[in-house]
Amino acid sequence: MTYFIAKRLLQSVFVMLAVAFIAFSLFRFVGDPVSQMTGVETSLADQARLRAELGLDDPLLQQFYRFSNNLLQGEFGYSYRTRQPVGQMIVERIPATIELGVVALVISLLVGIPAGVYTALKPNSFFSQGLLLTTLVGVSVPTFVIGIMLIFLFGVQLGWLPTFGRGGTLNLGAWETSLLTVDGWKSLVLPALTLGVYQLTLTMRLVRAEMMEVMQSDYIRFATARGISYRRLHYRHGLSNTLVPVITIIGLQFGGVVAFSIVTESVFQWPGLGLLFLESIRFVDIPVMGVYLVLIALFFVVINLIVDLLYAVIDPRLRVQKAV
Amino acid sequence: MSTLLHIENLGVTFPSRHGEFQALSAVDLQVQRGQIHGLVGQSGAGKSTIGAAVIGLLSAPGYVSSGQLILDGLDLRSLSPVQAHELRGDRISMIFQDPQTSLNPLMTVEQQLIETIQSHRDLDDDAARVRAVELLTETGIENASVRIKAYPHQFSGGMRQRVVIALAICTDPELIIADEPTTALDVAVQSQVLDLIKDLARRRDIGFLLITHDIGVIAQVADVVTVLRDGKLIEHGPTEQVLQNPSESYTQSLMAAVPRLDKKLARFLNPEETSELDPDISLQRAPTDRGEMAEEWLMAGVAREASSLRADNITVKFAGQRQSLWRRPEPFVALKNVSVEARAAKVLGIVGESGSGKSTLAKVITGLIKPHGGTLSLDGQQLPTGKTRSRNHPSRRWVQMVFQDPYSSLNARHRIGDILAEPLQHFSLETDATKRRQLVQATLELVGLDAGQIDRYPHQFSGGQRQRIAIARALLARPKVLLCDEPTSALDVSIQAQVLNLLKDLQAQFGLTIIFISHNLAVVRQMADDIVVLRNGQVVESGDSELFFSQPSAEYSKELLALTPSAFSS
């Protein structure tokens, strides 16, 4: 197990290096950094001086080394657009995106798993069929359409919920949270729902498919023949055995939800990373885009590592190998 | 003894789109307390359906359509679903075939036992645990109080089946339905598990309904036996009487198809009854014109002198499980200095328990694995091993293989004609497409299939027919050596007899050199001229087959022979 984790960590380092290189290339080769930083009135001599100061004349590898080293020390450079340090901009935006992603995930699990179990155990019931059909609509319609429909219904027609922003937030140290105020929650519900619908459907269908397969397995038949209560059969024996593949997909999906919450954030004007990224693209703010790229890669790598560790928690075959 | 289970006129129906399928009709049987009641029959005979009907777990949409099921005065058909579920485990329990899959892999043995005990008895955790340890000890697991904490995967196959049995008896059931309880086990373990079942029946007065296709198992433990065919009861009576003096012709033919451990027969008797299901067009009967054509073609290919294959000092190691970050894992030695020789035009039998290295040896011979040491030679010519044997090396054609599972060894999306034409095309044996097709049709007839079925897909054939197709495919490469890895272990006895007959005929006719791998000693006796016994990757004994069966020299071989259940008392 230790060996396995060590191997995974080493692989992660290579992934991060590769992504850092892409981010570096973006910074170095997409357009000329100096001409983007300076105006037309800067003399050529000044430009050359700036170029030398920034180390842009150094060999490529040395520049990459400096770039990665700065990243590691938390020196992310300055935004072209706002002139603020990129690190600070990202830190301010992270809480909003993480909270949105986590709430969306929780919604999708709380609804998706029970719904998956139900539709697996009663595949022919009217309610199951209805559920499957509705959620199919849920994934077929693009996220922004769902968002706009929700805004129209709950924000405009009924006027129950706000349609943009984070509402009331509280500061817990550096973390700005909207989870502690009623107003914050009100603002969170619609975007989280919009973001969670796709994952909810995926979770439900995956749990359903896995569960139907597990319920056919020999150990379930044997447990039934031993007269174990149906509730334990379904949850203790059935559901826990469906979790390994479900966790893989949910983990990867969660990475995707957080990384690409761009559409939802833009529909609801949610001040998170996605919106920042969108603004940065509009202004070709390459330092921000580069850091965003590295950050998202790190996020995926960490999630994958957690998923691998969860396997071992769930499945004893990965944990204990020794025969007794 | 008193009657525990009384089944009368039982009928089970499976409705389907094509009308109703009667899985069982008019079955009567009785199980006494403390008695082991054997149920035999081929796959599809309805053996397992009886078990499922008794415990109330018929797979949907099947239902009991007629008859009575009475457990000690209680009418099982009158129970509500809730009552029936309460009865399961409490009074009727079940043992399944494969101990690898019948335990929940995510729960410890302790959790599963305690859970089952508490489902039926009002005991607290500690009392249930004490009881669980007692049960494991009773079923022959040493050091039970420690090992109970382990997960199923930490037990070996035989030990797992003991855990399964402990789970089945932990609530003191009166009746246990054992569905092929030893089919997935090696002979030595099989005999221990059967002893345990016998012991439980005597000591605890449990009635067993033992479902199996293995007549040897029935002969070893069953008190009475019922023979089923196509959902109908054929014959029943005391085991001795039914097996020794079967009164029905079907039972007689079934017995004739069982490979005998005590003597070698030239051919199996052709079970008449099954011929209507799977016509056995044997070579002894006048072959058709087409069949003759295939024969001539094959003869032309093998008309040279027959080939012999030698493997010398083969050693194979696999990477072991890494235990530490810093130490290299200990390699697992699958084969250690194994030398075998398949003499020209003879059948070499290779026997051994699972994990003995039989299949690894087959993979070495076919060049799928590169051994760490040793040499292979065909007719004195050294063969390159593993990947060093190039894709177009002629021995890739000379050595052909027939696999165990005919369901997965044929590409399900290719037509039979294409599957069989492949070797002809691939090895450029026949370049003309029309001739290829004729040859394929001819070979189909040679192996006893209808040439008109050439455009069908594999799923349209039965298991035995598929194995014939697999054999035909191997033959069409004009092989010098045919390697059969457990070719009949997935088949019913009468089908097995047909396939073995076919192999014998082909061997006699074309002078093929065959390497026949099996865990079933009785089957090997019927086939082999020479024999090699493998254990833990080493050769225990080798030599003439008949001599081996009459006078085994190694201690292990004697044990193996003694443990193999035989349907025939010698």
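Note that the coordinates shown come from a computational prediction; the quantities given were computed from them, not determined experimentally. Quick note on labels: first sequence line is chain A, next is B, and so on, each numbered from 1.
Contacts of Ile220(A) with chain B are absent, with no heavy-atom separation under 4.5 Å from either backbone or side chain. Proximity to chain B involves both the backbone and the side chain of Arg221(A), based on heavy atoms less than 4.5 angstrom apart. Looking at Ser229(A), only its backbone comes within 4.5 Å of chain B, counting heavy atoms on both sides.
Counting heavy-atom pairs closer than 4.5 Å to chain A, the top-ranked of the candidates Ile92(B), Thr101(B), Asp98(B) is Thr101(B). Most heavy-atom pairs under 4.5 Å with chain A, from the set Pro152(B), Pro105(B), Cys170(B): that is Pro105(B).
Crowding of Glu213(A) atom CD: a count of heavy atoms from other residues, nucleotides or ligands under 6.0 Å not exceeding 12. Around CD of Glu142(B), the count of heavy atoms belonging to other residues, nucleotides or ligands within 6.0 Å does not exceed 12. At most 12 non-hydrogen atoms from other residues, nucleotides or ligands lie less than 6.0 angstrom from CZ of Phe127(A).
Here the side chains of Thr171(B) and Arg226(A) are not in contact, with every heavy-atom distance at 4.5 Å or above.
The contact list for residues 111-118 of chain B toward chain A, using heavy atoms and a distance under 4.5 Å, reads Gln111(B), Gln112(B), Glu115(B), Thr116(B) by residue number. Residues of residues 13-22 of chain A lying within less than 4.5 angstrom of chain B, judged on heavy atoms, are absent.
Panel note: side chain His85(B), backbone Ala225(A); no donor-acceptor pair is recorded below 3.5 Å.
Taking each heavy atom of Phe222(A) and Phe96(B) in turn, the nearest pair found is CA-CE1, 3.2 Å. Nearest heavy atom pair, residue Leu103(B) against residue Tyr219(A), reads C-CB, 3.5 Å.
Note that the CG atom of Leu106(B) and the CZ atom of Arg317(A) stand 6.0 Å from one another [nearest 0.5 Å].
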